[in-house]
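Single-structure report; data block below.
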Amino acid sequence: MTRRTALTGIERPPGFVLHERRKGLFQRNPELVLHCEDIPLSKLAERYGTPLYVYSATAIRQRLSSFQKAFRDVPHTICYSVKANSNLSILRLLSREGCGFDVVSGGELERVLVADRRAAKKIVFSGVGKSRDEMTAALRAGILLFNIESESELWALTECATRLRTTARVALRVNPDVAADTHPYISTGLRKHKFGIPIRDARELYAKASGAKYLKVAGVSVHIGSQIVEIAPFAEAVARVADLARALRADGHRIDYIDTGGGLGISYQEPGLDFDGRTARYARAVCHPLRGMNVHLLLEPGRAIVGPAGVLLTCVVYRKQNDGKRFLVVDAAMNDLIRPSLYGAYHEIVPVVQPANSATKIETVDVVGPVCESGDFFAHDRELSRLEENDLLAILDAGAYGMSLASNYNTRPRPAEILVNGKSVKVIREREKVRDLYSAEL
Ligand SMILES: *Cc1c(COP(=O)(O)O)cnc(C)c1O
């Protein structure tokens, strides 16, 4: 088995790479097999079945470390956004690397605490509708910061904190009214969105917050959306936040933290090999408006850390042709990975095994799942080398908002999840069984 040196554009090193395989000593036509680190994906599919989520631990660590390096010159904490992928083993892996967490529900809070109880002091709690129960649980755990999104929520938190006689550190999440070019469902930084407090109204609310006995004003937060590929909107949002923070300090508030949110996009079309360059540019854009301010920076990346570190493995169940249109019906569906259906999102799809030398026949196909919705597709009119029934496909860049958005629609058990680390393979979530899906019903 030799490592292929030329990158083919479908690789996502260090996690997903092609290795050559010769079936027999004398076989002339070697095959290229997509691996997760040292493990052939074909072997994982055989052992654990499909559909199957496979993640690379090395890729996750490397991407986190890229953020850590990019921000090494400023005091900062990376608070990984749990909603991107909330598997306990992934949270544990990140926590071991010194990562903090951004949670948006009591459920996510509990996951982080189960993964690592000591992570509590590195948790920020975001979200537009935190309930009193959720805020009480977070106060009991002693989290770092509440990102508050409305006056009502501020008073609800005061009520909870007063009852527990515990001080809550708060930042207001402001809405900077900055446009970011992404899908409308995941853009959040415009006035018309439900998120945050209009930046113009923030000072007034900070004044009110500072009067509450069990609240401690500690920072300012912003998050303008997800899958933002341009860097400029981040710089613009942080510049507005920096102005506000200076005004708040002049008003006598203590602003120790600036939370710049998440949202750094990844390239779903191209592997984006220079991730370090990208995090460095992002860091410069975020840090520049804050220079000289002596604040502790909080960052909430989710997708950028886990997205390219995971694939969804699936198997061709049927080939099918309707009036000349070709379909590959695969065993994964929109319930397993909803991004194409929900956002029209593009995911690279590649055969797990392909001949290394001989030219493969290319055909144009729709890759679709078995669910009863026309929206159940992974790709329309995609050029793929000809695949037969039972062949394996890998849907790339599925590590973020894949399993965390998966559902049981059509009473389909959710896939198992596998974490690969070098030669080690760990099942980090068992495949669901159909009876798990109805066992709580009467
Ligand atoms: C979703 C979300 C994030 C993470 O966004 P990514 O695009 O995955 O980086 C960070 N912060 C908040 C408040 C979020 O809602």
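All residue numbers in this chain count up from 1 along the given sequence. All figures in this text were calculated on a predicted structure; none of them were measured in a lab.
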Practice task
Give a yes or no answer on whether the side chain of Thr166 reaches the backbone of Leu164 with a donor-acceptor pair at less than 3.5 Å.
Solution key: yes
Practice task
Answer yes or no: are there more than 12 heavy-atom neighbours, outside Lys69 itself, under 6.0 Å from its atom NZ?
Solution key: yes
Problem - Arg431 (side chain) donor-acceptor with Pro51 (main chain) under 3.5 angstrom - result: yes
Exercise for the section: Would you mind checking if Asp243 and Arg246 are paired as a salt bridge, meaning a charged N to carboxylate O distance below 4.0 Å? Expected result: yes
Practice task
Assess the side chains of Glu159 and Trp155: does a donor N or O sit below 3.5 Å from an acceptor N or O?
Solution key: no
Exercise for the section: May I ask you to decide if His253's main-chain N or O and Asp251's side chain share a donor-acceptor pair within less than 3.5 Å? Expected result: no
Exercise for the section: Decide whether a cation-pi geometry holds between Arg339 and Tyr346; the criteria are a distance under 6.0 Å from NZ or CZ to the six-membered ring centre and an angle within 45° of the ring axis. Expected result: no
Handout entry: Donor-acceptor pair between Asn87 and Arg111 side chains, under 3.5 angstrom
Key = no
Exercise for the section: For the pair Ile78 and Ile305, evaluate side chain to side chain contact (heavy atoms under 4.5 Å, CB included) and give the outcome as yes or no after the intermediate values. Expected result: CA-CA 11 Å; Ile78 313 280; Ile305 288 181; 4.3 Å; yes
Exercise for the section: To the nearest 0.5 angstrom, please state how far the OH atom of Tyr53 sits from the CG atom of Asp336. Expected result: 6.0 Å
Handout entry: Lys130 to Phe125, cation-pi by 6.0 Å centre distance and 45° axis angle
Key = yes
Handout entry: Stepwise side chain to side chain contact (heavy atoms under 4.5 Å, CB included) test for Asn421 and Lys426
Key = CA-CA 8 Å; Asn421 190 8; Lys426 208 171 125 203; over 6 Å; no
Exercise for the section: Could you tell me which non-hydrogen atom of Ala180 sits nearest to which non-hydrogen atom of Pro233, and how far apart they are? Expected result: CB-CB, 4.1 Å
Exercise for the section: Give the ring-plane orientation class for Tyr282 versus Phe67, where under 30° counts as parallel, over 60° as perpendicular and anything between as tilted. Expected result: perpendicular
Practice task
May I ask you to decide if Gly106's main-chain N or O and Glu110's side chain share a donor-acceptor pair within less than 3.5 Å?
Solution key: no
Problem - Side-chain donor or acceptor of Gln62 paired with backbone N/O of Thr58 under 3.5 Å - result: no
Exercise for the section: Please tell me if the side chains of Val353 and Leu41 come closer than 4.5 Å, counting only heavy atoms from C-beta onward. Expected result: no
Practice task
Answer yes or no: is there a donor N or O on one side and an acceptor on the other, between the side chain of Gln68 and the main chain of Glu97, under 3.5 Å?
Solution key: yes
Completion exercise
Heavy-atom closest pair (Pro289 atom, Ala242 atom, distance to 0.1 Å) is O-CB, 3.5 Å
Problem - Audit row: Leu298, Ile258, side chain to side chain contact (heavy atoms under 4.5 Å, CB included) steps and yes/no - result: CA-CA 6 Å; Leu298 301 172; Ile258 300 281; over 6 Å; no
Problem - Euclidean distance, Ser424 OG relative to Asp38 CG, rounded to 0.5 Å - result: 10.0 Å
Practice task
Report yes if the side chains of Pro351 and Asp391 come closer than 4.5 Å at any heavy-atom pair, otherwise no.
Solution key: no
Practice task
Could you check if a side-chain atom of Phe377 sits within less than 4.5 angstrom of a side-chain atom of Val367, using non-hydrogen atoms only?
Solution key: no
Exercise for the section: Check Asp256 against Lys216 and note the closest heavy-atom contact, atom names and distance. Expected result: OD2-NZ, 4.4 Å
Practice task
Could you tell me whether the side chains of Gln227 and Tyr343 share a donor-acceptor contact shorter than 3.5 Å?
Solution key: no
Completion exercise
Heavy atoms of Val420 and Glu37 approach each other most closely as O-OE2, 3.3 Å
Exercise for the section: Please check if atom CZ in Arg254 has more than 12 non-hydrogen atoms from other residues, nucleotides or ligands closer than 6.0 Å. Expected result: no
Problem - Ring-ring centroid check Tyr268 His347, cutoff 6.0 Å - result: yes
Exercise for the section: Measure the spacing between CG of Leu328 and CG of Leu384 and express it to the nearest 0.5 Å. Expected result: 6.5 Å
Exercise for the section: Please name the pair of heavy atoms, one in Val352 and one in Ser42, separated by the smallest distance, quoted to 0.1 Å. Expected result: CG1-N, 3.8 Å
Practice task
Show your working on side chain to side chain donor-acceptor pair (under 3.5 Å) between His296 and Thr77 and close with a plain yes or no.
Solution key: CA-CA 8 Å; His296 188 105; Thr77 305; 2.7 Å; yes
Handout entry: Backbone of Lys83 reached by a side-chain donor or acceptor of Ser404 within 3.5 Å
Key = yes
Handout entry: Considering all heavy atoms, the nearest Tyr55-Gly399 contact
Key = CE2-CA, 3.9 Å
Practice task
Please examine the side chains of Arg47 and Leu44, heavy atoms only from C-beta on, and report whether any two atoms are closer than 4.5 Å.
Solution key: no
Practice task
Report yes or no: do Asn335 and Ser407 form a side-chain donor-acceptor pair below 3.5 Å?
Solution key: no
Exercise for the section: Could you tell me whether a side-chain N or O of Arg291 sits under 3.5 Å from a main-chain N or O of His288, the two making a donor and an acceptor? Expected result: yes
Exercise for the section: Would you confirm whether Asp366, through its side chain, and Val368, through its main-chain N or O, come within 3.5 Å as a donor-acceptor pair? Expected result: no
Fill in the blank from the handout: In this structure, CG of Leu88 is separated from CG of Leu93 (nearest 0.5 Å) by 12.5 Å
Practice task
State, with a plain yes or no, whether a side-chain heavy atom of Leu215 is found less than 4.5 Å away from one of Leu157.
Solution key: yes
Problem - Flag for Glu300-Tyr80: side-chain donor and acceptor within less than 3.5 Å - result: no
Handout entry: NZ/NE/NH1/NH2 to OD/OE distance under 4.0 Å, Asp397 and Arg12
Key = yes
Fill in the blank from the handout: Distance col, row Thr279:OG1 vs Leu264:CG, nearest 0.5 angstrom, shows 8.0 Å
Handout entry: Sidechain-backbone polar pair: Asn175 side chain, Phe195 backbone, donor-acceptor under 3.5 Å
Key = yes
Practice task
Run the salt-bridge test on Asp116 and Arg92 with the 4.0 Å N-O cut-off and return the result as yes or no.
Solution key: no
Exercise for the section: Would you indicate whether the side-chain heavy atoms of Val220 and Asp259 approach each other to under 4.5 Å? Expected result: no
Exercise for the section: Answer whether the closest heavy-atom distance between the side chains of Tyr206 and Arg203 falls below 4.5 Å. Expected result: no
Practice task
Give, for atom CD1 of Ile228 and atom CZ of Arg303, the distance between the pair rounded to the nearest 0.5 Å.
Solution key: 9.5 Å
Practice task
Determine whether Leu145 and Val170 make a side-chain contact, defined as any pair of heavy atoms from C-beta on separated by less than 4.5 Å.
Solution key: no
Problem - salt_bridge(Glu432, Arg429) N-O dist < 4.0 Å - result: yes
Exercise for the section: Please step through side chain to side chain contact (heavy atoms under 4.5 Å, CB included) for the pair Tyr214 and Arg165, ending with a clear verdict. Expected result: CA-CA 7 Å; Tyr214 286 103; Arg165 298 201 171 81; 3.6 Å; yes
